[in-house]
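Take a look at the structure set out below.
Letters go in sequence order (proteins before strands), and every chain restarts at 1. All of these numbers come straight from a predicted model, not from anything done at the bench.
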There are 2 protein chains.
Amino acid sequence: MKQSLKKPVPDPTVRERLLTAATDLFNRKGYAGTSVREIVEAAGVTKPALYYHFESKEGVYLALFQETFAAFLATLAVPGSGAGSARERVLDLCDRAFQFSVAHLPLVRLMYAIYYGPPQGAPNFNFEASHEAVQSLIAAVVREGIESGEFKPIAVEDAMWAVVGALNIAMEVDLCHPEQSLGREGLARLLNAVFDGLATSATPLKKARKGVRP
Amino acid sequence: MKQSLKKPVPDPTVRERLLTAATDLFNRKGYAGTSVREIVEAAGVTKPALYYHFESKEGVYLALFQETFAAFLATLAVPGSGAGSARERVLDLCDRAFQFSVAHLPLVRLMYAIYYGPPQGAPNFNFEASHEAVQSLIAAVVREGIESGEFKPIAVEDAMWAVVGALNIAMEVDLCHPEQSLGREGLARLLNAVFDGLATSATPLKKARKGVRP
DNA sequence: GTCTATATTGAGATAGAC
DNA sequence: GTCTATCTCAATATAGAC
């Protein structure tokens with residue numbers, strides 16, 4: 001048993017190859033449909049290597065999401081995101097999130113597949129937590145923008161959803177149609193459109209404002 | 001084959017029960033993992049009933065999406081969506097789309113599962129077409145709004161994505177967290193926020209506007 | 001032990017009575 | 001339109017020869 005509980009600098013190549021191979025196979029054949037044998041063969045290693053770095057197939061799966069999620073939060077929390085106007089900080093936050101998403105498309109795709117797909121015996125990972133983490137980060141900046149008067153005094157939740165909606169659609173376009181990706185510049189344009197508004201003048205509905213169509 | 005191409009008012013109960021049961025099972029066990037036997041048992045009918053109304057298991061699957069998609073387009077094209085300001089028309093269009101989505105959550109969920117999930121031998125259905133249909137409808141109204149001066153002269157695509165982003169996020173919240181649904185009113189608030197803008201004044205970035213972070 | 005041939009199972013699909 | 005009863009076919013499991 002060479003491996004203590006401290007993880008003494010495990011070989012990154014083998015570990016990475018296993019994670020990459022697992023992501024690819026889970027995407028192509030599903031979690032249940034992927035065997036440990038297939039993973040190790042695709043990674044060019046042997047079974048014991050997998051069981052050394054991870055405890056099981058479930059361990060590979062959980063490591064995949066846990067480590068990526070941790071890296072995602074670290075990316076968002078990087079210094080420099082606390083300076084500037086609320087608009088700039090939201091743009092920066094979304095830019096980081098978008099870049100991360102683009103750099104990890106296969107895992108994002110897997111997340112969607114697991115989240116929406118039928119149960120496959122895959123271990124539970126709290127995807128909600130990662131969504132809520134991003135949302136609360138954006139909501140916090142939006143709240144400050146509203147309190148400082150930079151943003152209009154609308155509900156924080158509404159403003160947050162407007163921003164998350166733009167970020168989310170940019171990510172999904174990249175995921176589903178990479179060839180027509182909006183790119184970082186496109187996301188920035190989109191967010192600025194949301195900040196500045198589409199309308200030339202703030203002219204709400206002519207008719208009743210309470211209730212939607214009868 | 002009594003059933004002509006005109007669909008002479010087929011019995012809605014059995015047919016509907018089959019479609020509902022299939023949607024539920026496909027969602028829970030996947031397309032490949034669901035057998036015809038399970039579908040007919042869940043629907044309380046026998047195999048031949050399924051093969052009478054549909055030609056095969058694939059036929060059930062395709063009917064599910066084809067008919068729902070057709071109904072969706074019909075919902076969006078309903079009279080009344082051509083009147084009023086561009087803002088009102090976009091709100092109306094999105095409201096219809098949202099209501100339809102909420103009324104067909106299981107099928108929307110299945111669409112996501114099929115779209116992002118691993119191949120399961122399910123027949124090809126062009127999900128892109130339905131997305132593009134909605135997008136082009138919205139883009140058309142947005143374009144008219146821009147041309148009439150009601151909207152700012154930004155790129156039609158950008159404005160379209162801003163609107164679709166808001167609609168999309170409202171749909172996904174309803175899909176993933178129905179308990180915190182924005183509801184029709186929430187979607188309207190969200191869209192109006194996008195129309196009017198979050199910022200109190202159109203003050204873009206202080207620094208360079210070309211390029212995102214270096 | 002391995003290999004081939006045969007069962008067994010469960011899938012999708014159908015014929016013909018009612 | 002719906003049912004009972006049956007068919008075809010593929011994958012898998014197993015038996016028994018070698």
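With rounding to whole Å, B:R17 atom CZ is found 12 Å from D:dG1 atom C1'. Computed from coordinates, the B:L50 CG to C:dT14 C1' distance equals 13 Å when rounded to whole Å. Atom-to-atom, NE2 of B:H53 to C1' of D:dG1 comes out at 6 Å; the value is rounded to the nearest Å. Distance B:Y61 OH to C:dG12 P: 16 Å, rounded to the nearest Å. Computed from coordinates, the B:E58 CD to C:dA11 C1' distance equals 14 Å when rounded to whole Å. Put simply, OH on B:Y52 is 14 Å from C1' on D:dC3, counting in whole angstrom units.
With A:H53 as the partner, the side-chain contact (heavy atoms from CB on, under 4.5 Å) test is satisfied by one option alone out of A:V60, A:L19, A:L18: A:L18.
Residues A:F125 and A:Y61 keep their aromatic ring centres 6.0 Å or farther apart.
Only B:T34, B:S35, B:V36, listed by number, bring a heavy atom of residues 18-36 of chain B to less than 4.0 angstrom from any atom of DNA chain C. A heavy atom closer than 4.0 Å to some atom of DNA chain C occurs in B:R37, B:K47, these being the qualifying members of residues 37-47 of chain B.
Taking the centre and axis of the six-membered ring of B:Y31, the NZ or CZ atom of B:K57 falls inside the cone set by 45° and 6.0 Å.
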Which atom pairs, donor and acceptor, lie under 3.5 Å between side-chain atoms of residues 129-141 of chain B and protein residues at least two apart or in another chain?
{"unit_1": "B:S130", "atom_1": "OG", "unit_2": "B:F127", "atom_2": "O", "d": "2.9"}
{"unit_1": "B:S136", "atom_1": "OG", "unit_2": "B:E132", "atom_2": "O", "d": "3.2"}
{"unit_1": "B:S136", "atom_1": "OG", "unit_2": "B:A133", "atom_2": "O", "d": "3.1"}

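A donor-acceptor pair is defined here as one N or O able to donate and one able to accept, closer than 3.5 Å; such a pair exists between the side chain of B:S148 and the backbone of B:G145. The backbone N or O of A:S35 sits less than 3.5 Å from a side-chain atom of A:E38, completing a donor-acceptor pair.
A side-chain donor-acceptor contact under 3.5 Å links A:H177 and B:E128.
Salt-bridge annotation for A:D196 and A:R87: present, with a side-chain N of the basic residue lying under 4.0 Å from a carboxylate O of the acidic one.
When the nucleotides C:dA13, D:dT2, C:dA15 are ranked by their closest atom to the side chain of B:K57, C:dA13 comes out on top.
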